[in-house]
There are 2 protein chains.
Amino acid sequence: MATLLCNERGVKLTAARRQVLELLWESGCPTGAYELIETLQQRNARPVNPPTVYRALEFLITQGFVHKLESRNAYVVCIHPDRRHACIFFICADCGVSAELEDERVADLIDEDANDRLGFHVTGRVVEVQGTCRQCTPAEP
Amino acid sequence: MATLLCNERGVKLTAARRQVLELLWESGCPTGAYELIETLQQRNARPVNPPTVYRALEFLITQGFVHKLESRNAYVVCIHPDRRHACIFFICADCGVSAELEDERVADLIDEDANDRLGFHVTGRVVEVQGTCRQCTPAEP
DNA sequence: GCCGGTATTGTTATGTTATATCATTCGACC
DNA sequence: GGTCGAATGATATAACATAACAATACCGGC
Ligand SMILES: [Zn+2]
Ligand SMILES: [Zn+2]
Ligand SMILES: [Zn+2]
Ligand SMILES: [Zn+2]
């Protein structure tokens, strides 16, 4: 999947990059860079330095395979890396999972505010919601 | 202003806290914690350690006088600290200024998505927009 | 005024996240 | 096989943030 997209785009999903992406898939949760470093280290049975992982993350983010959760300093796989999208992250403060949702309406409102009220030219949006997921929210009485 | 609100709320705007708030007001821009530390150090002509500033920031954020910009690791004064509000930050990548805008509609859409699509209980929202402000955006031809 | 408890600040150390820099290796192409 | 640019390795350090405990300030009751 990511391999295909990389081929199409003429960029290389090298071993290091693929490994980081796999780790994030397996984790399923937003994961910190240093946690990735540790896991990689164990798997490869040799030292992995921060730049290795940060460079891989930079690539994966640029290619749209991974998002950074700014409010957590954590990284998570994108659920639809094949197209540009305006997404919202819902991050559970209890169990740590995050859910990515697409909602053009939010992006449109933001862009509208930017244009009409500020004359601001939008290049990117960070929308991250804190709270508790369904599993971690006790049912209403 | 902040002094009044603190009195109402029965909390103290001590010297350290007031100084940090003043610095942020003067700066007018999102400012990093370590920049605040340096400036404080110079003004007071004595060493200022990180916990001093981080504790002040924590207080100011709790009281709603200051916001943290997660995507910048920077802190900025709130433009309407007297009431709870759902705000959006527009951050210029060029000159660094940020504009805070209130828009309930965005918050409502987010909450709607959270409820209807995820069963997610929202406790907080981070909405930060990257781009260029009016001054830094060349006029259309 | 003094005492005792609580909030705040000082101090030191350390944890966590991220990047700069330069050397080395890899891989495609000629 | 030699050349060039991309990618990785390796070391160091920058930037951001908190833990832990000691010292001090503040405020009530006495
Ligand atoms: Zn995505
Ligand atoms: Zn949860
Ligand atoms: Zn505000
Ligand atoms: Zn600007």
What integer distance in Å separates A/Glu58:CD from C/dT17:P?
19 Å
Students often get this wrong, so: under 4.0 angstrom with heavy atoms, is B/Phe59 touching a base, only sugar-phosphate, or nothing?
nothing
Answer with base, sugar-phosphate or nothing: what part of the nucleic acid does A/Arg17 contact at a heavy-atom distance below 4.0 Å?
sugar-phosphate
Counting only side-chain heavy atoms from C-beta out, which of D/dT11, D/dA17, D/dC26 sits nearest to A/Pro51?
D/dT11
Where each residue is assigned the nucleotide of DNA chain D containing its nearest heavy atom, which of B/Pro50 and A/Ala16 is assigned the position nearer the 5′ end?
A/Ala16
What about B/Arg46: does its side chain form a donor-acceptor pair under 3.5 Å with the base of C/dG10?
no
To the nearest angstrom, how far is B/Arg72 atom CZ from D/dA17 atom P?
13 Å
Mark this stacking check for B/Tyr54 against D/dT18 as yes or no, applying ring centres under 5.5 Å and ring planes under 30°.
no
Over how many whole Å does the gap from B/Arg55 atom CZ to C/dG10 atom C1' extend?
7 Å
Please report, rounded to the nearest Å, how far the P atom of C/dC22 is from the CG atom of A/Asn49.
17 Å
Donor-acceptor check, side chain of B/Glu100 to backbone of B/Ile79, threshold 3.5 angstrom: yes or no?
yes
Whole angstrom value for the distance that separates C1' of D/dT8 from NZ of A/Lys12
12 Å
Choosing from D/dT8, C/dT9, C/dA18, which nucleotide comes nearest the side chain of B/Thr14?
C/dT9
Nucleotide D/dA14, atom P - distance to CD of B/Glu38 in whole Å
13 Å
If you look at every strand shown and take non-hydrogen atoms under 4.0 Å, does B/Pro47 touch a base, only sugar-phosphate, or nothing?
nothing
Short side-chain to backbone donor-acceptor contact, B/Ser27 and B/Leu23, under 3.5 Å
no
Regarding D/dA14, can its base be found pairing with the side chain of B/Tyr34 as donor and acceptor, where the two atoms are less than 3.5 Å apart?
no
For A/Val48, does its backbone N or O pair with a side-chain atom of A/Thr52 as donor and acceptor, under 3.5 Å?
no
Distance check needed: C/dT8 C1' versus B/Leu60 CG, whole Å only.
14 Å
Provide, to the nearest angstrom, the distance between the CG atom belonging to A/Leu36 and the C1' atom belonging to C/dA18.
14 Å
In terms of side-chain heavy atoms of B/Lys68, which of C/dA18, D/dA17, C/dT19 is nearest?
D/dA17
Main-chain N/O of A/Lys12 paired with A/Arg17 side-chain donor or acceptor, under 3.5 Å
yes
Are A/Thr52 and D/dG9 close enough that a side-chain N or O sits under 4.0 Å from OP1 or OP2?
yes
Checking B/Glu128 side chain against B/Glu70 main chain: does a donor-acceptor pair fall under 3.5 Å?
yes
Can you identify which nucleotide, out of D/dA17, C/dA18, C/dA7, has its nearest atom closest to the B/Asn73 side chain?
D/dA17
